[in-house]
Amino acid sequence: MASLTPDELRWAASVGIAPDRARWLASCPKFTRWDYEKKSAADRNLWKNGAFWFLRLQYQGRNICERLSTDLTEARRLKHVRLSQIKAL
C-alpha cells in the first residue's frame with residue numbers, strides 16, 4: 001500500500017475516509033475506471049427498477065417513462081416498437 005503524508009491522512013479523516021481505505025485508494029492506478037454499469041447500444045434508454053424494465057427517454061421536450069417487461073429480450077423488442085411509434089408522431 002502507498003504511504004501517505006500526515007496532511008493527506010488528516011484530509012482523508014476530514015472527509016470521512018479511514019486511514020486504511022485512504023492508503024488503498026492511493027495505491028490504485030491513477031486513471032482507474034469502473035465500467036460495471038456500461039450499457040450496450042441495445043440497452044440504451046432501458047432502465048431496470050425491481051423486476052421490470054422501463055423505457056426512459058426525452059423526446060421533443062417530453063419525458064417518457066413506460067413499463068415494458070420483466071424479460072430483457074422482450075423489453076428490447078418492445079422498446080424498438082415503441083420508439084418507431086414515437087418517431088412516427
Side-chain angles (χ1 to χ4, degrees):
M1 284 198 198
S3 61
L4 298 176
T5 65
D7 287 337
E8 292 168 333
L9 288 172
R10 218 176 354 266
W11 174 85
S14 72
V15 295
I17 300 174
D20 291 337
R21 177 79 174 162
R23 286 187 197 95
W24 179 82
L25 288 170
S27 70
C28 291
K30 185 174 182 180
F31 294 106
T32 302
R33 291 184 51 200
W34 186 48
D35 289 336
Y36 180 75
E37 292 291 330
K38 191 174 187 179
K39 293 186 175 186
S40 68
D43 294 340
R44 184 165 299 151
N45 299 324
L46 288 179
W47 168 63
K48 187 167 187 178
N49 187 5
F52 286 94
W53 286 93
F54 288 81
L55 170 68
R56 288 185 68 175
L57 67 124
Q58 187 173 20
Y59 184 73
Q60 295 182 347
R62 296 182 320 181
N63 290 320
I64 299 170
C65 183
E66 297 178 2
R67 188 171 77 176
L68 298 176
S69 174
T70 57
D71 179 44
L72 179 58
T73 307
E74 178 69 11
R76 286 177 182 157
R77 187 188 67 76
L78 292 171
K79 176 189 83 162
H80 291 298
V81 169
R82 188 61 181 122
L83 285 176
S84 65
Q85 291 172 350
I86 291 170
K87 290 180 181 178
L89 294 177

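Start at 1 with the first residue, then count along the sequence. Keep in mind that what you see is a predicted model, and the values were worked out from it rather than measured.
- Closest non-hydrogen pair, Lys79 versus Arg44, comes out as NZ-O, 3.2 Å.
- The shortest heavy-atom contact between Tyr59 and Lys87 is OH-CA, 3.7 Å.
- Going from atom CG of Leu55 over to atom CG of Leu78 covers 9.5 Å, rounded to the nearest 0.5 Å.
- Annotation for Trp47 and Arg56: closest pair CE3-CD, 3.3 Å, computed over non-hydrogen atoms.
- Residue Val81 is not grouped with residue Leu68 when hydrophobic side chains (ILVMFWY) are merged at heavy-atom distances under 4.5 angstrom, including chains of intermediate members.
- Using a 4.5 Å cut-off on side-chain heavy atoms (C-beta onward), Leu4 and Arg23 make contact.
- Atoms CD1 and CD1, on Ile86 and Ile64 in that order, are 4.0 Å from each other to the nearest 0.5 Å.
- Residues Ala75 and Leu46 come closest through the heavy atom pair O-CD2, 4.3 Å.
- Residue Ala12 comes nearest to Ala22 through the heavy atom pair CB-CB, 3.7 Å, listed as atom of the first residue, atom of the second, then distance.
- Between the CG atom in Asn45 and the CD atom in Gln58 there is a gap of 11.0 Å [rounded to 0.5 Å].
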